[in-house]
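One structure below.
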Amino acid sequence: MPRRRPPEPDAPLDRWVLSWADFLTLLFAFFVVMYAISSVNEEKYKSMSEALSQVFSGPGAPRGTNPALEGGSGFLEGGESSTKAPADLIGPADERATLQLKQVRAQLESDFSQHASSGEIEVEGSDLWFSIELRSSLLFDSGGAIPSIAADSILALIAKRLEGLDNPIHVEGFTDNEPISTDQFPSNWELSAARAAAVVRLLESNGIDPSRMAAVGYGEYQPAYSNRTAEGRRLNRRIVIVVSRNEKVRRAVVSYGSEQVSSDAVSTMLLNERNAPDASGALEQIETEDGILFRQAKPEQ
């Protein structure tokens, strides 16, 4: 059995002091760093605040007017910005503009009374816009987007009535659900957009300011009638010329299509209550000479 070595009389017993001193040194260094971080140089802070204020407020803004740097309700405190974007509100109805729209609408209804009785041209509208719906067979050959000779006289008369207005105009193109696949028109998207653009070009050639106009193609995806019958498909092939009261109304109408949204829905959207229009797909029954058609019910104007 090995013997235990006797303790050395001169062995150092205070080695723990070195570890304790190292710990105190590190702790002291830590608090020094914390103090240095917490100390704010007022001059540097002021210059940085003014620089940031100029960046966020613009070069012409006075110094020290940034609410985020002066304790205002910025993004970090409540999660909301103190500067709110202005709401895209619709203004009160302009009686003069509304009356002008109604007068032009009445003139067009009188001009196309014969076509309206046969259902080839329909003029409808509200206080915010009115629309002129034309069957594609009046303007184009089947599967084509080159206006016919008859289209010139029809669109020239429309342009004559609209020439004195400064209202925004957009032309909507629609097709039936019969597929098309040609080199010129790979799908109904291209066909509807090309027909709408052709109508815009003819209106421009008849004196309408092109900066007021736009062309929109909806293809087969917004049918006004049921595509289950030949008559319904014929009626779905159409061009709609929409004259809006102002640019805000046009943007709202273009978003959903003039036949898919009501005046109340447009007003609601422009009041920043972004409620989509009723898309329940309700159908109404219409009796014609060829039988019964099912038309998508139009929203109340």
Side-chain angles (χ1 to χ4, degrees), residues 119-122 124 129 131-152 154-155 158 168-205 208 210-244 250-261 265-266 269 276-284 286 288 290-291 293-299:
E120 296 298 319
I121 298 178
E122 298 180 13
E124 299 177 341
W129 77 87
S131 63
I132 310 164
E133 182 175 322
L134 306 98
R135 303 296 161 213
S136 294
S137 57
L138 278 177
L139 309 177
F140 306 99
D141 294 332
S142 177
I146 299 177
S148 62
I149 297 176
D152 292 336
I154 294 174
L155 294 176
I158 294 175
I169 301 170
H170 72 273
V171 180
E172 303 173 344
F174 303 88
T175 66
D176 58 18
N177 65 345
E178 291 292 327
I180 184 174
S181 180
T182 64
D183 293 338
Q184 189 176 8
F185 306 115
S187 70
N188 283 321
W189 284 113
E190 288 80 7
L191 178 60
S192 63
R195 286 179 170 178
V199 172
V200 167
R201 289 198 304 271
L202 275 179
L203 291 176
E204 179 186 2
S205 65
I208 302 297
S211 63
R212 295 169 46 198
M213 296 188 292
V216 184
Y218 291 100
E220 63 195 75
Y221 299 103
Q222 289 196 13
Y225 297 85
S226 170
N227 280 306
R228 288 179 290 182
T229 63
E231 180 67 9
R233 291 191 293 272
R234 184 186 74 84
L235 295 175
N236 280 329
R237 298 189 293 269
R238 64 200 189 278
I239 291 292
V240 181
I241 302 173
V242 184
V243 182
S244 304
R250 183 183 56 180
R251 287 198 300 266
V253 174
V254 169
S255 300
Y256 294 94
S258 60
E259 298 180 351
Q260 304 293 327
V261 63
V266 172
M269 285 186 291
D278 184 11
S280 57
L283 299 177
E284 59 182 356
I286 300 177
T288 64
D290 297 332
L293 288 177
F294 293 92
R295 173 186 176 122
Q296 184 171 356
K298 292 186 177 181

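Remember, predicted model here, so these are calculated numbers, not experimental data.
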Heavy atoms of Pro186 and Gln184 approach each other most closely as CD-O, 3.6 Å
Here the gap from Leu191 atom CG to Glu178 atom CD, rounded to the nearest 0.5 Å, amounts to 12.5 Å
Q. Are the side chain of Arg238 and the backbone of Asn236 linked by a donor-acceptor contact shorter than 3.5 Å?
A. yes
Nearest heavy-atom approach of Tyr225 to Glu122 is OH-OE2, 4.0 Å
OH (Tyr218) and CH2 (Trp189) are apart, to the nearest 0.5 Å, by 9.5 Å
Could you tell me whether the side chain of Ile154 reaches within less than 4.5 Å of the side chain of Ile121, counting heavy atoms only? yes
message: For Gly119, is there any backbone N or O sitting under 3.5 Å from a side-chain donor or acceptor partner on Arg135?
response: yes
All N/O donor-acceptor pairs, side-chain side in residues 137-151, below 3.5 Å, sequence neighbours left out:
from	atom 1	to	atom 2	distance (Å)
Ser148	OG	Leu138	O	3.3
Ser148	OG	Leu139	O	3.2

CZ of Arg237 to CG of Leu134, rounded to nearest 0.5 Å, is 15.0 Å
Should Glu172 and Val242 be marked as a side chain to side chain contact (heavy atoms under 4.5 Å, CB included) after you check the CA-CA gap, both sets of side-chain angles, and the distance that decides it? CA-CA 8 Å; Glu172 303 173 344; Val242 184; 4.0 Å; yes
OG (Ser226) and CD (Glu231) are apart, to the nearest 0.5 Å, by 11.5 Å
query = Sub-3.5 Å donor-acceptor pair from the side chain of Asp176 to the main-chain atoms of Gly232, do we have one?
reply = no
CD1 (Ile180) and OG (Ser192) are apart, to the nearest 0.5 Å, by 10.5 Å
Closest heavy-atom pair, His170 versus Val216, reported as atoms and distance to 0.1 Å, is CD2-CG2, 4.4 Å
Here the gap from Leu203 atom CG to Ile169 atom CD1, rounded to the nearest 0.5 Å, amounts to 6.5 Å
So, Arg234 and Glu120, do they make that salt bridge, N to O below 4.0 Å?
-> yes
